[in-house]
Protein chains: 2
Amino acid sequence: MGRDGTERGGTERGGTERGGTERGGLPGASRREGLPDTQQGMRRRNLSRVMHAVAANGPLSRAAVAARIGLTRAAVSTLVDELIRAGLVEELGPERPCRVGRPGSALAVSAQGPAGIGAEVGVDHLAACVVDLRGAVRARATRRVDNRGRAPGPVVTDLMSLIRQVSAGAEQEGLRPAGLAIAVPGLVARDSHTVVRAPNLDWHDTDVGALLPAELPLVVDNEANFGALAELWLGAAPPADFLHVSAEVGIGAALVVEGRLLRGARGFAGELGHVPVWPDGPKCPCGGRGCLEQYAGEEAVLRAAGLAPGADRVELLATCAAAGDENVRGALREAGAALGIALTGAVNLLDPRAVVLGGALSRLAPWLLPSLRDELGRRIAGPGCAVAVSRLGPDGPLLGAAHAVVRSVLDDPVGVA
Amino acid sequence: MGRDGTERGGTERGGTERGGTERGGLPGASRREGLPDTQQGMRRRNLSRVMHAVAANGPLSRAAVAARIGLTRAAVSTLVDELIRAGLVEELGPERPCRVGRPGSALAVSAQGPAGIGAEVGVDHLAACVVDLRGAVRARATRRVDNRGRAPGPVVTDLMSLIRQVSAGAEQEGLRPAGLAIAVPGLVARDSHTVVRAPNLDWHDTDVGALLPAELPLVVDNEANFGALAELWLGAAPPADFLHVSAEVGIGAALVVEGRLLRGARGFAGELGHVPVWPDGPKCPCGGRGCLEQYAGEEAVLRAAGLAPGADRVELLATCAAAGDENVRGALREAGAALGIALTGAVNLLDPRAVVLGGALSRLAPWLLPSLRDELGRRIAGPGCAVAVSRLGPDGPLLGAAHAVVRSVLDDPVGVA
DNA sequence: ACTAATTTGTCAATCGCCATGACGAAATAG
DNA sequence: CTATTTCGTCATGGCGATTGACAAATTAGT
């Protein structure tokens with residue numbers, strides 16, 4: 001995939017580099033006070049605005065872009081020229097004249113330019129996909145593997161072969177991989193490629209970046225985070241402030257505030273699974289008692305339902321519940337109630353505009369929602385908070401990862417001219 | 001005819017008006033996709049950077065400012081000239097030469113320029129103060145009044161007389177009030193001056209702005225929010241990510257993320273007092289059961305301690321506990337444990353770098369902390385989270401309000417002509 | 001004491017980027 | 001066929017930061 005790899009190798013893109021200035025108490029420590037504002041920065045931001053406008057609002061003429069982002073037509077012309085020369089935007093030809101006046105020439109983000117590669121390490125599958133700048137999935141591959149307790153090396157090797165497969169297919173279509181984002185079911189240290197712990201994989205302090213060939217800019221993050229970003233970018237009517245709850249084996253949450261992900265000081269935010277629900281409840285491996293996972297975690301629900309852990313546990317639960325199994329329905333009802341109690345705390349604390357259930361929860365939503373909404377509605381004063389179910393379901397994290405790369409290109413189109 | 005109307009009617013684009021219409025920014029300028037990036041904006045941001053650098057890091061020479069913010073000395077020179085002409089920065093004279101080379105001339109933010117007025121409506125007091133650009137409190141006035149159940153009109157009238165008193169004093173010293181910020185013990189709707197509800201004052205949907213002469217730019221916000229900002233700006237070794245917990249009558253929290261306050265979609269974030277601790281506990285006026293306030297709220301603690309509500313309840317608790325009253329100590333121990341459980345959820349969810357106890361909690365911290373830390377430490381896996389006590393104590397909200405005005409001047413120095 | 005070295009603040013010249021206003025081009029309306 | 005409207009581009013200008021040079025003020029070295 002290294003056709004133009006050198007071109008992008010130099011610059012660090014994708015926002016991870018920013019911020020985080022150590023606010024050490026010492027006066028001499030904080031050297032830089034934010035980055036200086038120079039004309040190049042202005043240019044970059046305006047290029048980004050053009051990209052976002054064109055990417056988000058279909059084909060657009062230069063004049064329409066200018067009106068939308070508040071610059072003059074002349075300025076937009078030069079910006080668009082630069083983007084076309086960089087292969088990020090292409091001219092589709094004259095617009096259909098529907099109003100009086102000369103028709104503009106339609107612009108769209110390139111379908112041949114850079115593309116984002118998303119990958120996912122699940123507990124029992126691996127997946128990879130390629131998404132182009134327009135947001136279309138151009139290639140995709142999945143493989144069922146039980147990764148429980150498997151060493152990181154072989155897992156990443158397998159994943160890499162999937163990645164090579166999809167990116168080879170994409171390159172044949174003229175796409176150029178611009179970055180790789182990997183979703184993992186575990187905690188990832190902030191601004192790093194290190195999986196601090198992934199209980200279901202039994203990984204600890206694993207530097208995923210060190211296991212991969214350093215061909216592309218890499219991002220590694222929690223699957224719940226990528227799932228939330230997918231909901232933000234691809235969801236039906238996305239509010240910019242919501243709490244995304246997902247469950248694979250553990251229960252994770254991701255909070256989106258003003259269109260940005262809240263990661264926490266160390267990157268560990270979103271551990272909804274270990275919020276205390278019944279403080280004197282059963283012991284939890286985390287050290288606490290009565291954590292949400294003891295009531296709504298996969299294992300707890302299976303046990304309460306009287307089912308043995310099988311191959312596809314979530315599907316098993318769903319089919320049993322759909323068939324009317326009262327044990328299963330009761331277990332899901334209880335899980336929903338526990339979720340509702342934990343979410344009450346979260347909603348009181350964060351005032352999101354909505355709570356979105358993703359991942360396995362979206363599959364089980366029909367049986368979780370009544371008791372969840374009941375607890376939430378009873379306990380929360382005031383206007384309350386909408387509870388919605390994600391359309392994306394289990395695809396969220398993978399799509400979110402690929403789109404994260406695409407967004408990083410939109411955010412800074414001119415990595416290197 | 002319709003220059004805008006035709007544009008809208010003709011096209012068939014699926015009007016995806018982005019949700020973020022109500023961006024909190026001061027100037028209207030709500031263009032379609034964020035505001036355009038023009039040279040004036042660059043100038044404004046760089047003026048702001050100079051102001052922040054000079055304000056934060058003591059007297060500084062132009063060269064030092066340039067090195068710190070990454071601009072050239074020449075550019076900083078013109079920026080500083082403009083700030084001096086505007087009366088926001090003043091030249092203190094030649095620096096003491098400690099290194100080789102020509103000594104610079106020290107710059108500091110003006111002590112005679114604009115100043116921020118902070119005011120506070122407490123349940124049993126009113127206060128106002130004036131803070132200059134250097135952060136010094138230049139005037140201050142407090143008055144003990146029992147505001148419980150008093151109508152907003154008279155309360156605001158009394159507060160206004162305090163405000164006039166301090167601002168008259170400040171004007172005699174050459175200060176010019178640049179804005180007014182009022183801290184109230186209740187929920188304030190986002191980007192408004194309306195107190196949606198303040199249970200202890202018995203205010204509902206009260207537009208404080210309408211009760212005040214519109215002399216100055218006004219900000220109204222929750223006292224917990226201002227307290228957290230005070231901690232951020234004035235605290236000992238302030239991390240940029242922390243959870244500030246304060247209690248006056250209710251229990252409020254404010255979350256600071258990357259140096260910014262998280263307000264929530266409606267501005268109601270931080271309702272820690274109504275996080276469920278024991279889901280089947282006693283009923284709470286909010287509608288829930290077993291909310292934190294039922295265990296750690298002022299009333300609950302007084303009841304558990306066997307004390308009658310008196311004049312200064314917090315002080316009463318503190319003196320009894322200090323005297324060794326076992327009933328009081330036990331009540332505070334229980335309250336601390338409940339706080340610890342609620343904070344476990346919050347910390348798991350948000351991963352702050354620290355939890356800071358402010359307001360009345362800082363006074364009672366010696367008796368709350370042991371059980372609080374115990375619960376938190378037992379339940380939270382991983383690196384845990386520091387628990388600190390605010391130095392500011394009850395002064396936090398008032399100082400935070402005044403400083404909020406000062407910060408707004410630093411953030412946009414030329415806006416205040 | 002005198003010179004060399006270093007740092008500061010400022011000035012003139014230049015470059016980058018966007019705004020302005022005018023123009024030809026391409027469509028519709030009458 | 002002409003008037004009107006809108007689009008894209010060009011030349012010009014303004015604004016803001018950079019570059020490079022210089023005088024001023026201080027320390028270091030002999």
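Lettering follows sequence order; numbering is per chain, from 1.
- Legend: residues meeting side chain to side chain contact (heavy atoms under 4.5 Å, CB included) with R45(B), ordered by chain and number and at least two apart, are D37(A), R45(A), D37(B), M42(B), R49(B).
- Using modelled atom types, one side-chain atom of S48(A) and one backbone atom of L410(A) make a donor-acceptor pair closer than 3.5 Å.
- Reading DNA chain C from its 5' end, the first and the last nucleotide to sit under 4.0 Å from a heavy atom of chain A are dG16(C) to dT28(C).
- Checked by atom type, the side-chain pair T38(B)/Q40(B) shows a donor-acceptor distance below 3.5 Å.
- Atoms CG (D37(A)) and P (dT18(D)) sit 10 Å apart, rounded to a whole Å.
- Nearest nucleotide to the side chain of R73(A), out of dA17(D), dT9(D), dA21(D): dT9(D).
- For E215(B), the side-chain hydrogen bond (donor to acceptor under 3.5 Å, both in side chains) partners are R164(B), not counting sequence neighbours.
- Mapping D81(B) and L79(A) onto DNA chain C via the closest heavy atom, the residue that lands nearer the 5' end is D81(B).
- Qualifying side chain to side chain contact (heavy atoms under 4.5 Å, CB included) partners for D241(B), counting only residues two or more places apart in sequence or in other chains: A265(A), V257(B), E258(B).
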Check nucleotides 11-15 of chain D against the protein and report each pair of N or O atoms closer than 3.5 Å, with its distance, or say if there are none.
| from | atom 1 | to | atom 2 | distance (Å) |
| --- | --- | --- | --- | --- |
| dG14(D) | N2 | Q39(B) | OE1 | 3.0 |
| dC15(D) | O2 | Q39(B) | OE1 | 3.1 |

With 3.5 Å as the limit, what N/O pairs link the protein to nucleotides 23-30 of chain D?
| from | atom 1 | to | atom 2 | distance (Å) |
| --- | --- | --- | --- | --- |
| dA25(D) | N3 | R102(B) | N | 3.3 |

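- Residues meeting the side chain to side chain contact (heavy atoms under 4.5 Å, CB included) test with L216(B), sequence neighbours left out: I117(B), P177(B), L180(B).
- Between R62(A) and the phosphate of dT9(D), there is a side-chain N or O to OP1/OP2 separation shorter than 4.0 Å.
- Distance alone, capped at 3.5 Å, places no donor-acceptor pair between the H403(A) side chain and the A230(A) backbone.
- Sorted by first then second residue, the salt bridge (charged side-chain N to carboxylate O under 4.0 Å, His left out) pairs that include residues 80-92 of chain B, not counting sequence neighbours, are R43(B)-E82(B), R62(B)-E91(B), E90(B)-R134(B).
- Remark: V54(B) pairs with V50(B), V65(B), V109(B) by the side chain to side chain contact (heavy atoms under 4.5 Å, CB included) rule, at least two apart or across chains.
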Quiz item: Where do D191(B) and R263(B) land on the salt bridge (Lys or Arg N to Asp or Glu O under 4.0 Å) test, with the steps shown first?
Solution: CA-CA 10 Å; D191(B) 302 325; R263(B) 288 202 156 80; over 6 Å; no
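- Residues meeting the salt bridge (Lys or Arg N to Asp or Glu O under 4.0 Å) test with D132(A), sequence neighbours left out: R138(A).
- Nucleic acid contact class of T72(A) (heavy atoms, under 4.0 Å, all strands): base.
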